[in-house]
Amino acid sequence: MARSNVPRWSRSSGADVPEPARLTVLSGPSGVGKGTVVTALARRVPELWVSVSVTTRFPRPGEIDGVNYRFVDDARFDAMIAAAEFLEYATYGQHRYGTPRKPVEEKLAAGVPALLEIDLQGARQVRAVMPDVFCVFLTPPSWDELVSRLTGRGTEPPEIAAARLERARLELAAEPEFDAVVVNESVQQACDELVKLLHLRP
Ligand code: 5GP
């Protein structure tokens, strides 16, 4: 199910046809399945470019440097902040995450639709500097479903999973800030809705 909070075309110049969204932010609580949905979406829509974030956290099993994230140490992250290399960055748990600015600007200048999969703080920062960004909130079908996904994936120690759940509770309250909401009932249904919402050609 997709809900539009504010139709995109109501914020534009008065045209009655929605414009293609060029920069999209996909956000939502940890554990909701953003990464899985984005991977499936990118496979289905080759024209869509997905930003690779920089993080100070360690890779999980199977994650590849430069593909899932660019894994850096704190000193490198600090240097990137000092050089204004981030479009946005935020601390999540004990680690920092940021979106490199230059590749996003290059893709947008080339007319390539771009997607950022980032947390709520990042979404707010991007909105502040790029008010035309289209922000989509991915939400779980229910609270119980989110709890079982977060605690069941087993990639975090229990205390980290508990902290992420507490944070997820706060993040869910931010849903009305977003332009559209997609309920992640299944990867395929969430992808179908994103393809439509972003006016992509699958
Ligand atoms: P994880 O450690 O599970 O990969 O990511 C933790 C959280 O950080 C997720 O909510 C994810 O969307 C968010 N995240 C990933 N990359 C970025 C980024 O570049 N900026 C921000 N603000 N959040 C990010």
Side-chain angles (χ1 to χ4, degrees), residues 23-42 49-74 76-81 83-105 107-108 114-130 133-140 146-175 177-178 181-182 184 187 190 194:
L23 177 63
T24 301
V25 160
L26 183 73
S27 200
S30 178
V32 74
K34 296 185 294 275
T36 312
V37 168
V38 168
T39 303
L41 185 67
W49 175 79
V50 181
S51 167
V52 177
S53 294
V54 176
T55 184
T56 59
R57 84 152 162 74
F58 293 109
R60 294 184 185 132
E63 285 185 331
I64 299 168
D65 187 32
V67 175
N68 305 93
Y69 282 106
R70 270 173 61 199
F71 297 98
V72 300
D73 59 16
D74 272 307
R76 177 80 193 110
F77 201 95
D78 285 336
M80 291 182 76
I81 295 173
E85 287 183 38
F86 288 122
L87 176 61
E88 62 74 35
Y89 64 92
T91 300
Y92 192 101
Q94 290 151 346
H95 298 289
R96 292 183 288 170
Y97 299 78
T99 304
R101 174 196 306 276
K102 202 163 160 229
V104 176
E105 289 176 348
K107 293 295 169 187
L108 294 178
L115 180 77
L116 314 181
E117 187 251 283
I118 59 179
D119 85 328
L120 177 62
Q121 306 164 77
R124 286 174 173 155
Q125 290 175 46
V126 176
R127 172 80 92 198
V129 291
M130 295 180 162
V133 63
F134 187 61
C135 292
V136 181
F137 192 78
L138 191 66
T139 194
L146 186 67
V147 173
S148 80
R149 284 186 201 176
L150 246 184
T151 50
R153 76 181 175 189
T155 50
E156 275 83 32
E159 65 278 11
I160 301 279
R164 285 186 172 222
L165 260 184
E166 190 45 45
R167 184 172 185 140
R169 200 186 286 281
L170 299 172
E171 286 176 339
L172 284 172
E175 186 188 298
E177 295 175 31
F178 285 74
V181 180
V182 171
N184 188 12
V187 175
L194 284 165

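Atoms within each ligand, like the ligands themselves, are counted from 1 in listed order. Positions are given from 1 along the sequence. Values in this document were obtained by computation on a predicted structure and should not be read as measured data.
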[X]: numbered ligand 1 atoms lying under 4.0 Å from its heavy atoms:
X: A90; result: 22 (N)
X: R57; result: 1 (P), 2 (O), 4 (O)
X: G122; result: 22 (N)

message = Can you confirm, on distance only, whether ligand 1 has an N/O atom lying under 3.5 Å from any N/O atom belonging to R164?
response = yes
ask   = Can you check whether G98 has an N/O within less than 3.5 Å of an N/O in ligand 1?
value = yes
message = S30 and side chain to side chain donor-acceptor pair (under 3.5 Å): which single residue from R149, R164, E171 fits?
response = R164
task = Side-chain contact test, heavy atoms from C-beta onward, threshold under 4.5 Å: evaluate it for N68 versus P59 and give yes or no.
result = no
query = Is E117 touching ligand 1 with its side chain, its backbone, both, or neither, if touching means heavy atoms under 4.0 Å apart?
reply = both
request  = Look at the side chain of Q125 and the backbone N and O of Y89, then say whether any donor-acceptor pair between them is shorter than 3.5 Å.
outcome  = yes
message = Check whether T91 reaches the backbone of R96 with its side chain - one donor and one acceptor, N or O, closer than 3.5 Å.
response = no
request  = Please round to the nearest 0.5 Å and tell me the distance separating atom OG of S27 and atom CZ of R127.
outcome  = 11.0 Å
At the 4.0 Å heavy-atom cut-off, does [X] count as touching ligand 1?
X: K34; value: yes
X: R60; value: yes
X: Y89; value: no

task = Give the single entry among D119, V25, V126 that approaches atom 13 (C) of ligand 1 most closely by any heavy atom.
result = D119
request  = Closest by any non-hydrogen atom to atom 15 (C) of ligand 1: pick that one out of Y92, Y69, F58.
outcome  = Y69
task = Assess R60 against Y69: is NZ or CZ under 6.0 Å from the centre of the six-membered ring, and within 45 degrees of the ring's axis?
result = no
task = Determine, stepwise, if the pair V182 / F137 fulfils side-chain contact (heavy atoms from CB on, under 4.5 Å).
result = CA-CA 6 Å; V182 171; F137 192 78; over 6 Å; no
task = Determine whether more than 12 heavy atoms belonging to other residues, nucleotides or ligands lie under 6.0 Å from atom OH of Y97.
result = yes
